[in-house]
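Right, one structure below, let's go through it.
Chain identifiers are assigned alphabetically (A, B, ...) following the order of the sequence lines, protein sequences preceding nucleic acid strands; residue numbering begins at 1 within each chain. Heavy-atom basis, side chains included; hydrogens, waters and symmetry copies ignored.
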Amino acid sequence: MWALRVPQTFQNPVLPIPNKPRDCAAAAKPPDTINLRPSTTLTAAVIATTTNQLIQSLCKRGNVKQALQVLPHEENPTQRTYELLILCCALQNSFSDALTVHRHLIDNGFDQDPFLATKLINMYSELDCIEYARQVFDKIRRRTMFVWNAIFRALTLAGHGIEALDLYREFNRIGYCSDRFTYTYALKACVVSESLVSLLNNGKEIHGHIFRRGFETHIHVMTTLLDMYAKFSCLSYACRVFERMPVRNVVSWSAMIASYAKNGRPFDALNLFYEMMLECHDFLPNSVTTVSVLQACGNLSALSQGKLIHGYILRRGLDSLLPVKSALVTMYARCGDLESAQYVFDKMNKRDVISWNSLISGYGIHGFGAKAIQMFEEMISLGVAPSPVSFISVLGACSHAGLVIEGKRLFNSMVKQHGISPGVEHYGCMVDLLGRANRLDEAASIIEDMPLEPGPKVWGSLLGSCRIHCNVKLAERASSRLFELEPNNAGNYVLLADVYAEAKMWDDVKRVNKLVESRELQKVSGCSWIEVRRKMYSFKSVDELNPQIEQIHALLVKLSKEMKEQGCLPNTKPVLYDLDSEEKQRILLGHSEKLAVAFGLINTSKRETIRITKNLRLCEDCHSVTRFISKFANRDILVRDVNRYHHFHDGVCSCGDYW
DNA sequence: GTAGGGTTAG
C-alpha cells in the first residue's frame, strides 16, 4: 500500500523566477571594460582567455556576483559555465543569484539539458528550496537516472518522504528500474516522512525489490536498509540484514552499533563495539563509531567504560571533532560525573549549539536548574542562537528543579525573543513543569489551549503528574486519551493503577490490571544496575540469581529495623496491591534499586560513591531508604532513574524530595 | 555528475 498525499507545494506550481533585464542581455560583447575589484581583474584576466573562462574562473574563486556581472557579455555560455555558476550559488548559499542563473539558463535554451537540470535540483535542494527543485524536475522532459535520483535525494533531504515515495511509485509504473542510488534514497524516504503514519511497510516492499533484483550484496544499499529498520525500531530485521551482509566495513558496523545504542540496547552496542575491535583487522572504529558507543555508555551510566572509550578516542586522535566532544560531555553528565562533563566542555576550543545543549541538559538531569539557566543565558550572550532542543533542555531543567516562574519566562521568550514557535515537545515540557509543581489545572489548560495536537508525550506528562499528586479525575481523563493514542503502552495503565491504588480504589486497580491482562500487554519490570570494578551487575525485583543475594537481604532487613527504630516508617504507597502492611514491606524490600544499593554497600570501599541506575522512576520508599542509608552508613549514593539524578548525601537528596 | 553510519531533549 502506498500512502498518497498531494503536497501543499503543488497548489502553486509556477514559482517566480524573475526575468533578466533585457538591456543587460542585449549587451553581448567582449568584456573589455568590466567593473571588477582590481585584484580579481588582474588574476582572473591573466588566466582567462575567453569570457566563458573568466566566468568559470570567478566561480571557482566563489565570486558569484562578479561572475554574474560578466555573464551578460558572453554570447554563448557553455554547459560548463552554467554548471560552475550553479555550484557557486549553492556553495555561497545565495538564493537570489541562483534565481538569476536559472533565468539566464532558461533564456539561453539550456532548460531542457538533463545534466544542468540535475545540478539545478541539487542546488535548490542545498538552498532549502524544494519547491523550486520540484519545478525543475516537473519541467524537464528527458529524465535520466541522474535527474530522477536528484529529485529523490532532494525530496528525502527536505523530509518530504511521502512525496518522494509517491514519485517513486510513478517511476516504477513508467517502467524505470532502480539503481543502487535510487534504492538508498527510496529507503531513506520511508524514515524521513513528515506523516505520523509509519512507512515501514513501504520500506519492506522496497526490501523485496532489492532482494529480487540482486542488490542484497551491495554494501551501501544494505547499510541504508539496516538503518531504516533500526529507525523503525525493528531491531531483529536490522540484525538480520547485518548478519547477512557478505562484506562489512566500518560504516556497516557503526550503523549496527548505533542501532543498538538508539533502541534501548546499550549492552549490545558495547558488545558489538568490542567484537568489532576483535574481529575486524582491515579497519578500525572511527569517530562516528565512538559517538554511538559513548551514547551507549551514557545510557548505561557505565562511567568506567566511558572513561575507557575516552582514552581510546584520545589515543586514536579522534577527539578533534565537535560531535565526539559533545558526545563526551553527554556521556559524563549521564554517567553522573558533571565535573568531567564541564571539564571536557571547558577544554573545547569551538562550541556549537549542540555542545551547549549537552551541558545544559546535563545540569538539568542533575537538578541544577539555576546553573542550566545560567549556561543557557551565557550561550546566548556569546552569540550562539538557541535551537528548539536548547529550550527543551532548559525547560526540562526548570521542571526538575521546580522553577515554574523561570520556566514560564523562558517559554514566553521562545517566540518573542528568538523567533522559535513552540513544538509539541515544548508544550510537553510546560505540562510537566506545571504538573510536577502541583499546578495540574494550569497544566490541563495548556493542553486545551495549545495550537498543536497534543501527542502521547504531552498526555503522558499530565498523567505522570496526576500520579505524583494523586488526582484521580484528571488521571482518568489523561489516560483515556492515552489508551486511544497508545493502546499497547503498558506504562500508561500502570500509572493509572498507581493513582487508583494511592486513592485506595482497589476495585479500579483490579479493573485496570485486568485490562492489561486481556490486552496481553507486557509491563516493564523494574531493573537497576551498578558498575563495580568495571563490571556491570543488574538486579530485578525478587532477584535470586546474584550469589550474594542472601547477604544483600540480610543487610536490607538490618537497615530496615534500624530505620524503624529511628522512627522512619516504610512508605507502602508504591505497592499496588491490597495486601497487609507486612506483606507490602516484604515486597518493598525486594525492589531492584534497594538490592543494588545493598550490593554496592557490600562490594565497594567506604570512600567510593555508589552509582546506581534504574530503568523506571525511583519509588518513594526506595528514595527515603536510600536517603537514610546515605546518613546511617555515611556513604554518597548517586541514583539515576528514568528522569533524572538523585545525589544522596548525609540523609539529604539533591532533588529535595521533588521529582 | 548521484550513495551508507554519529552529537543535543523527552
- Message: In whole Å, I'd like the distance from the OH atom of A/Tyr260 to the C1' atom of B/dG6.
- Response: 18 Å
- Query: Judged by modelled atom types alone, do A/His102 and A/Tyr132 share a side-chain donor-acceptor pair under 3.5 Å?
  - Reply: no
- Task: Could you please name the option among B/dT2, B/dA9, B/dG5 that lies closest to any side-chain atom of A/Asn149?
- Result: B/dT2
- Message: Using a heavy-atom cut-off of 4.0 Å across all strands, would you classify A/Thr330 as base, sugar-phosphate, or nothing?
- Response: sugar-phosphate
- Going by atom types only, do A/Glu170 and A/Tyr176 share a side-chain donor-acceptor pair under 3.5 Å? no
- Query: Ignoring hydrogens and angles, does a donor from either the side chain of A/Asn286 or the base of B/dG5 sit under 3.5 Å from an acceptor on the other?
  - Reply: yes
- Item | Side chain of A/Arg153 - closest among B/dA3, B/dG6, B/dG4 | B/dA3
- Has the side chain of A/Ser254 got a donor or acceptor that lies under 3.5 Å from a partner of the other kind on the base of B/dG6? no
- Task: State which of B/dT8, B/dA3, B/dG5 makes the closest approach to the side chain of A/Thr184.
- Result: B/dA3
- Message: Categorize A/Glu83 for me: base, sugar-phosphate, or nothing, with a 4.0 angstrom heavy-atom threshold over every strand shown.
- Response: nothing
- May I have the distance from A/His220 (atom NE2) to B/dG5 (atom C1'), rounded to whole angstrom? 10 Å
- Nearest to the side chain of A/Thr289 - B/dG10, B/dG5, B/dG6? B/dG5
- Task: Report yes if a side-chain nitrogen or oxygen of A/Arg180 is closer than 4.0 Å to either non-bridging phosphate oxygen (OP1 or OP2) of B/dT2; otherwise report no.
- Result: no
- Task: Specify the separation, in whole Å, of atom CG of A/Leu452 and atom P of B/dG10.
- Result: 19 Å
- Query: Of the nucleotides B/dG5, B/dG10, B/dG4, which has the atom closest to the A/Val288 side chain?
  - Reply: B/dG5
- Query: Roughly, in whole Å, what's the span from CE in A/Met331 to P in B/dT8?
  - Reply: 12 Å
- Task: Take atom OH of A/Tyr645 and atom P of B/dA9, then tell me their distance rounded to the nearest Å.
- Result: 13 Å
- Query: What is the nucleic acid contact for A/Ile219, judged by heavy atoms within less than 4.0 Å: base, sugar-phosphate only, or nothing?
  - Reply: base
- Measure the distance from CG on A/Leu433 to P on B/dG10 and round it to the nearest whole Å. 13 Å
- Note on the structure: Among the nucleotides B/dA9, B/dT8, B/dG4, whichever has the atom closest to the side chain of A/Ile354 is B/dT8
- B/dT2, B/dG4, B/dA9: which one has an atom nearest the side-chain heavy atoms of A/Arg334? B/dA9
- May I have the distance from A/Ile309 (atom CD1) to B/dG6 (atom C1'), rounded to whole angstrom? 14 Å
- Task: Identify whether any heavy atom of A/Ala258 sits under 4.0 Å from a base atom; if not, whether one sits that close to sugar-phosphate; answer base, sugar-phosphate or nothing.
- Result: sugar-phosphate
- Task: For A/Pro114, report the nucleic acid contact type (base, sugar-phosphate, nothing); a contact means any heavy atom under 4.0 Å.
- Result: base
- Message: Does the structure place the NZ or CZ of A/Arg351 under 6.0 Å from the centre of the six-membered ring of A/Phe345, at an angle of no more than 45° from the ring's axis?
- Response: yes
- Message: Categorize A/Val329 for me: base, sugar-phosphate, or nothing, with a 4.0 angstrom heavy-atom threshold over every strand shown.
- Response: nothing
- Just how far, in rounded Å, is P of B/dT8 from CE of A/Met379? 16 Å
- Query: Under 3.5 Å, is there a donor-acceptor pair linking the side chains of A/Ser301 and A/Arg640?
  - Reply: yes
- Query: Cation over ring, A/Arg134 on A/Phe137, under 6.0 Å and within 45°?
  - Reply: no
- Item | Minimum-distance nucleotide (side-chain atoms of A/Tyr185 versus B/dA9, B/dT2, B/dG6) | B/dT2
- Query: Any side-chain heavy atom of A/Thr289 within less than 4.5 Å of one from A/Phe273?
  - Reply: yes
- Against the side chain of A/His218, the closest entry in B/dG5, B/dA3, B/dT8 is B/dA3
- Item | Any A/Gln295 side-chain N or O less than 4.0 Å from OP1/OP2 of B/dT8 | yes
- Any side-chain N or O of A/Ser287 less than 4.0 Å from the OP1 or OP2 oxygen of B/dG6? no
- Query: Is a donor-acceptor pair below 3.5 Å formed from side chain A/Asn249 to base B/dG4, judging by atom type as modelled?
  - Reply: yes
- Kindly say if A/Lys188 contacts the phosphate of B/dG5, meaning a side-chain N or O under 4.0 Å from OP1 or OP2. yes
- Query: In terms of side-chain heavy atoms, does A/Asn263 have a donor or acceptor partner in A/Ser233 at a distance below 3.5 Å?
  - Reply: yes
